[in-house]
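What follows is a short report on a single structure.
One-based numbering, in listed order, for ligands and for the atoms of each.
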Amino acid sequence: MIVEKPETTSETSQQTKWAIAGGGMLGLTLALRMAKQGHNVTLIEAAPSLGGLASVWKLGDVHWDRHYHVTLLSDSRLLNLVEEIGLKEDLKWVETKTGFFTNGKLYSMSDTAEFLKFPPLNLIEKLRLGGTIFYASKIKNWKRLEKVKVADWLSRWSGKGTFKKIWEPLLKAKLGESYHRTAASFIWAHISRMYKARRTGLKKEMFGYVEGGYRSIINRMSDLLEELNVDIRVDHPISKIKKQEDGRFKIDFQGRDSETFDRVIMTTPNSIMSRVCEDISADEKKRFDKVEYLGIVCASLLLKKPISPYYVTNITDTWVPMTAVIEMTTIVDTDEFGGRSLVYLPKYVPADHELFDKSDEEIQESFLSALETMYSDFDRANVEAFNISRVRSVMAIPTLNYSQLLPPMKSSVDGLFYVNSSYILRGNLNVNETITIAEEAMETVLSAELERSAVATSK
Ligand SMILES: Cc1cc2nc3c(=O)[nH]c(=O)nc-3n(C[C@H](O)[C@H](O)[C@H](O)COP(=O)(O)OP(=O)(O)OC[C@H]3O[C@@H](n4cnc5c(N)ncnc54)[C@H](O)[C@@H]3O)c2cc1C
């Protein structure tokens, strides 16, 4: 692909030097957008490779996403990006099915007929559940849902029985005990995304992926950034950011020499801002510290044969140690996995949960034992590889009045900006929302500063 280079490269030394902290999808998108406008950008990532939550690892002999990722037909910003980086032809779309594991049994819940047959709920409960989902999908003013707890809102609309049998176990699976403090805007965002996806398509659940997984996307973005002269620094954990007397920012790295930049955009989780940005106000720090994060322990299994016909099997039985079973071969061509199956077993937990301290062996044993109970034909001899990803700060939990909690993205320190996924207000965490935050920040909070630095460059 030919990338039009900005005209200002020879003036690089006089240009405003921007540092973007965090090389996940948000940092990568910002870097691409800014570099295309001709800005001088350095992308700084702590890990040895780019991608963050969407990064790739090796499972047995397979390179694939460390966490499961699918794209929806309604993910318009992500689909634009995929087209822009020349990967549109590599997108594959597949109709998927959803399963439910409840009261020790597996059910298919992929269409209305199956929903109506679903035994755990009586007819009234089913109607109330369907009505709640439909009503939520019609709500436009999500801000009023920020003021109500998700458990209260769902009990009111679906009734106590449906709440106890379906919603509460699902909320617990997705949010742990934090669901008690979560606002109804969380479930609204989830339902709206799924509804929009069906509306955009053929009223069927179509999920997509790019051939090669996120590895293809991240590699292509990284190549483009290099062509656009973005300085990419992996393996550069930032330990301190301090404003100097000359108005520039000195960034210290663990085990490396410090560097100086004119402007800094933080895309990392909030705890990192509080820890490394020395000059931020007490109020900003207090606000960041109040944002609760959800973490994840997510196992990836390479299996000799598939385990399930459903992409997602939601689990409501609390004795099962994982939140869901994700069977990737329901979407991804098995050739990508050398003819084998790739299954993810996620468990969402608060950032300080004891599961983070359990050994790989303990987690593996409890997850495999659960699979043996859930699937009569599952045999652990079919497991060729088992990896465990642990991330403490995955998603900011939308607690009551969450949008009032965050400090402005333009920080109290002139030239320092916060543009991370905790600013997603109208949706839950996904790459489309992540890109939206980056692109909207370019048009709003960063625009004046970007204009100033463009003027300085052209002088
Ligand atoms: C289990 C799971 C399943 C998911 N499924 C989907 C899906 O199906 N579809 C979908 O669209 N999205 C999905 N997502 C969400 C998607 O992965 C995120 O929306 C996206 O990757 C977030 O990107 P980000 O750049 O905002 O954050 P991150 O990826 O967290 O990037 C932040 C980066 O900052 C770096 N960093 C942290 N501290 C420092 C430091 N001190 N110095 C330098 N760098 C630092 C981190 O290493 C990281 O790379 C899923 C996420 C998870 C965890």
Side-chain angles (χ1 to χ4, degrees), residues 19-31 42-56 65-72 74-75 77-79 81-82 96 174 190 193-194 197 207-210 213-214 217-218 221 232-241 251-256 264-277 293-300 311-312 322-324 326 328 331-332 344-349 388-396 418-424 427-438 441:
I20 298 177
M25 280 306 290
L26 209 158
L28 282 161
T29 306
L30 265 181
T42 301
L43 182 64
I44 301 166
E45 168 56 45
S49 58
L50 294 169
L53 295 174
S55 62
V56 173
D65 310 358
R66 181 171 151 209
H67 303 114
Y68 51 95
H69 280 90
V70 287
T71 301
L72 272 52
S74 53
D75 286 345
R77 294 203 188 229
L78 171 57
L79 294 176
L81 179 75
V82 167
T96 56
K174 193 75 188 165
H190 192 73
R193 176 165 154 84
M194 289 301 160
F207 284 165
Y209 74 102
V210 169
Y214 264 83
I217 296 179
I218 290 157
M221 288 181 90
I232 300 176
R233 310 280 175 80
V234 290
D235 223 346
H236 273 65
I238 296 173
S239 53
K240 191 163 101 180
I241 301 178
I251 300 191
D252 292 349
F253 301 101
Q254 274 167 37
R256 292 181 185 273
V264 179
I265 307 174
M266 300 296 296
T267 76
T268 58
N270 293 349
S271 56
I272 308 288
M273 328 261 206
S274 291
R275 185 154 57 82
V276 307
C277 303
Y293 266 83
L294 195 65
I296 195 168
V297 173
C298 185
S300 296
Y311 169 63
V312 181
M322 55 270 187
T323 303
I326 316 281
M328 287 313 287
I331 297 181
V332 179
Y344 293 94
L345 305 176
K347 172 75 179 173
Y348 290 91
V349 279
I388 299 172
S389 165
R390 296 172 177 82
V391 187
R392 286 184 194 263
S393 301
V394 169
M395 184 191 104
Y418 313 124
V419 186
N420 75 359
S421 65
S422 75
Y423 287 85
I424 297 174
N428 291 340
L429 183 76
N430 59 69
V431 174
N432 195 60
E433 291 293 338
T434 300
I435 295 171
T436 307
I437 290 292

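Distances from atom 27 (O) of ligand 1 to the protein include no heavy-atom value under 4.0 Å.
Scanning the protein for heavy atoms near atom 43 (C) of ligand 1, the closest one is Ala46 N, 3.3 Å. From the protein, the heavy atom lying nearest to atom 48 (C) of ligand 1 is Glu45 OE1, 3.4 Å. Atom 32 (C) of ligand 1 has as its closest protein heavy atom Thr267 O, 4.1 Å. At the shortest separation from atom 37 (C) of ligand 1 among protein heavy atoms lies Thr268 CG2, 3.7 Å. With hydrogens left out, the protein atom closest to atom 2 (C) of ligand 1 is His67 CB, 3.6 Å, a heavy atom. Annotation: atom 11 (O) of ligand 1 to nearest protein heavy atom, Val431 N, 2.8 Å. Here the heavy atom of the protein found nearest to atom 31 (O) of ligand 1 is Gly24 CA, 3.6 Å. When hydrogens are left out, the protein atom nearest atom 40 (C) of ligand 1 is Ile238 N, 3.7 Å; that is the closest non-hydrogen contact.
In this structure, CE in Met25 is found 5.5 Å from CD1 in Ile217, a value given to the nearest 0.5 Å. Taking CZ of Arg233 as the reference point, atom CD1 of Ile238 lies at 10.5 Å (rounded to 0.5 Å). The CD1 atom of Ile331 sits 6.0 Å away from atom CZ of Phe207, with the distance rounded to the nearest 0.5 Å. To the nearest 0.5 Å, atom CD1 of residue Ile218 and atom CG of residue Asp65 are 7.5 Å apart. Residue Cys277 holds its SG atom at 8.5 Å from CD1 of Ile251, rounded to the nearest 0.5 Å. How far CZ of Arg256 is from CG of Asp235: 5.0 Å, rounded to the nearest 0.5 Å.
Near Ile296, meaning under 4.0 Å from one of its heavy atoms, ligand 1 places the atoms 1 (C). Residue contact check: Gly52 has heavy atoms under 4.0 Å from atoms 29 (O), 48 (C), 49 (O) of ligand 1. Contact atoms of ligand 1 toward Asn430: 10 (C), 11 (O), 12 (N), 15 (C), 19 (O) (distance under 4.0 Å to a heavy atom of the residue). Taking every non-hydrogen atom of Ala54 and a distance limit under 4.0 Å, the qualifying atoms of ligand 1 come out as 21 (O).
Inclusion of Tyr68 in the set of residues having an N or O under 3.5 Å from an N or O of ligand 1 is warranted. Between His69 and ligand 1, a contact under 3.5 Å exists for at least one N or O pair. Note: an N/O pair closer than 3.5 Å links Leu26 and ligand 1 by distance alone. Residue contacts with ligand 1: Thr434 is placed with a nitrogen or oxygen under 3.5 Å of a nitrogen or oxygen of the ligand (distance criterion only). Remark: ligand 1 and Pro269 share no N or O pair separated by less than 3.5 Å (distance only, no angle test). For a threshold of 3.5 Å applied to N or O pairs, the pair formed by Ile272 and ligand 1 contains no separation below that value.
No donor-acceptor pair under 3.5 Å is formed between the side chain of Ser393 and the backbone N or O of Tyr293. One N or O on the side chain of His69 and one on the backbone of His67 form a donor-acceptor pair closer than 3.5 Å. A donor-acceptor pair is defined here as one N or O able to donate and one able to accept, closer than 3.5 Å; no such pair exists between the side chain of Thr268 and the backbone of Gly22. Side-chain atoms of Asn430 come within 3.5 Å of backbone N or O of Glu433 as a donor-acceptor pair. Between the side chain of Thr267 and the backbone N or O of Asn420 there is no donor-acceptor pair closer than 3.5 Å. Judged by distance alone, with hydrogens and angles left aside, the side-chain atoms of Asn432 form a donor-acceptor pair with the main-chain N or O of Leu78 at under 3.5 Å.
Of all the heavy atoms of Val394, the ones lying under 4.0 Å from any atom of ligand 1 belong exclusively to the side chain. For Tyr344, no heavy-atom contact with ligand 1 is shorter than 4.0 Å. Under 4.0 Å from ligand 1, heavy atoms of Leu53 appear from its side chain as well as its backbone. Residue contacts with ligand 1 for Leu50 are absent, since no atom lies close enough (heavy atoms, distance under 4.0 Å).
His236 and Phe253 have perpendicular rings, their planes meeting at more than 60° on a 0 to 90° scale where under 30° would count as parallel.
A 4.5 Å side-chain heavy-atom check between Thr434 and Thr29 finds every atom pair outside the cut-off. With a 4.5 Å cut-off on side-chain heavy atoms, Met328 and Tyr209 do not count as touching.
Under a 4.0 angstrom heavy-atom cut-off, Phe207 registers as lying outside contact with ligand 1. For Asn420, the closest heavy-atom approach to ligand 1 does not fall below 4.0 Å. Assignment of Val276 to the shell around ligand 1 is not supported, since no heavy atom sits closer than 4.0 Å.
Comparing Asp65, Ile251, Val70 against atom 8 (O) of ligand 1, the shortest heavy-atom distance belongs to Val70.
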